[in-house]
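If you're wondering where the values come from, they're calculated on a predicted model, not measured in any experiment. No hydrogens, no waters, no symmetry mates; every other heavy atom, side chains included, goes into these values. FYI, the numbering just counts along the sequence from 1.
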Amino acid sequence: MKKQKVIIIGAGLCGLYTAFLLQKKGIEVLLLEANTRIGGRIKTITGTTGVTMEMGATWFGNQHSHLLEVLRALEIPYFKQHTQGISLFETMSFVPPQKFEISDSEEPSFRIVGGTATLIKKLISEIGIKNIKTNTKITLIKEENHHLIVTDSVGNSYSADKVISTIPPNLLVNSVVFEPNLPENFTQLAKKTHTWMGESIKFAVEYKTPFWKEKKYSGTLFSQASIIQEMYDHSTADNFGFALKGFLNGGTSVLSLEQRKEKVTAQLTALFGLEAKDYIAYVENVWREEPLTFQPYEQLVLAHQNNGHSLYKRPFQNGKLYISGAETATQNPGYMDGAIAAAKTIALEF
């Protein structure tokens, strides 16, 4: 009996874990990734001091059972997010921030030891890099003689029995042509499906020492007044690399990197003192400027809108094209746990 061949579009967490599950079933898989890097919305940057700084997916909790199960099975360690010390809440720029402490009884959040990319690297080693092709942007999916022909932006074609898309639905319908066309109700739904993290600006500041901890601060900040809206300690699990990391006000995407960096430094200096100016590196990721992840919506789309919609459960092109990805998950859509849940759901179809 001929081995079934499946093409998976997108080598983010959902695509990689889907490939991992299908290989276990003896199915031949080829992952096609438009970007030059593998990981999708998991993007770990390693600083000169060895500190890992997450520009994408970072935290998870005890409620994320699918992800926790995978981490345990792949023997990937994780650790509790540091929250001890004084945390800050800024309501207005001209009022001193409120101070509070996060109770140990609060539900913890966790991070992966060595950065979230550890999970990506482990899945790549399990799947085999030879089964992943990067820099391959799909522009056409055509049904032909009981097969699907997938064509990339430079004209290369790939044939498969079945195709699974794991890229955000809005990106899929705005970047790929289908022959025959997908149903109009599906296309309209996809255009109104929120892409998680699409509006986020993540930043991190790398330091030689955790001066905030030495001053009894946790590194946790919530602000309604300044450029940093949310921030946490981002030191490594072994406490040998130090950084602060969080989210910037999405509206500041109109500023330049230098302007944002200046505002971040000013805010951190006002909160923690002059040591905040003595940083090693400032890094950021404006996700709306990542065209291989985010496509602007035609109308206002709210957070998680249409994520997990029932229309994502049915295959198209005579049962050969499947729509998956974190946004299609019915549990924790958009998050890492949702990416894993979506992969498990789709793998059951094969």
Shared hydrophobic cluster, Leu31 / Ile124 (ILVMFWY, side-chain heavy atoms < 4.5 Å): yes

Test item: side-chain donor near acceptor, Thr187 and Glu184, under 3.5 Å: no

Pairs satisfying side-chain hydrogen bond (donor to acceptor under 3.5 Å, both in side chains), at least one member in residues 68-78, at least two apart: Glu69-Lys344

Polar side chain donor-acceptor pair, Tyr158 to Lys133, under 3.5 angstrom: yes

side-chain hydrogen bond (donor to acceptor under 3.5 Å, both in side chains) between Trp212 and Asp233, intermediate numbers included: CA-CA 9 Å; Trp212 56 94; Asp233 174 271; 2.8 Å; yes

Donor-acceptor pair between Tyr282 and Glu284 side chains, under 3.5 angstrom: yes

Pair Asn285-Lys43, side-chain donor/acceptor within less than 3.5 Å: yes

Polar side chain donor-acceptor pair, Gln331 to Asp337, under 3.5 angstrom: no

Pair Asn306-His309, side-chain donor/acceptor within less than 3.5 Å: no

All pairs passing side-chain hydrogen bond (donor to acceptor under 3.5 Å, both in side chains) where residues 84-94 contributes a residue, at least two apart: Ser87-Ser218, Glu90-Ser223, Glu90-Ser226, Glu90-Gln267

Aromatic centroids of Phe186 and Tyr312 separated by under 6.0 Å: yes

Under 3.5 Å side-chain donor-acceptor pair for Glu206 and Thr49: yes

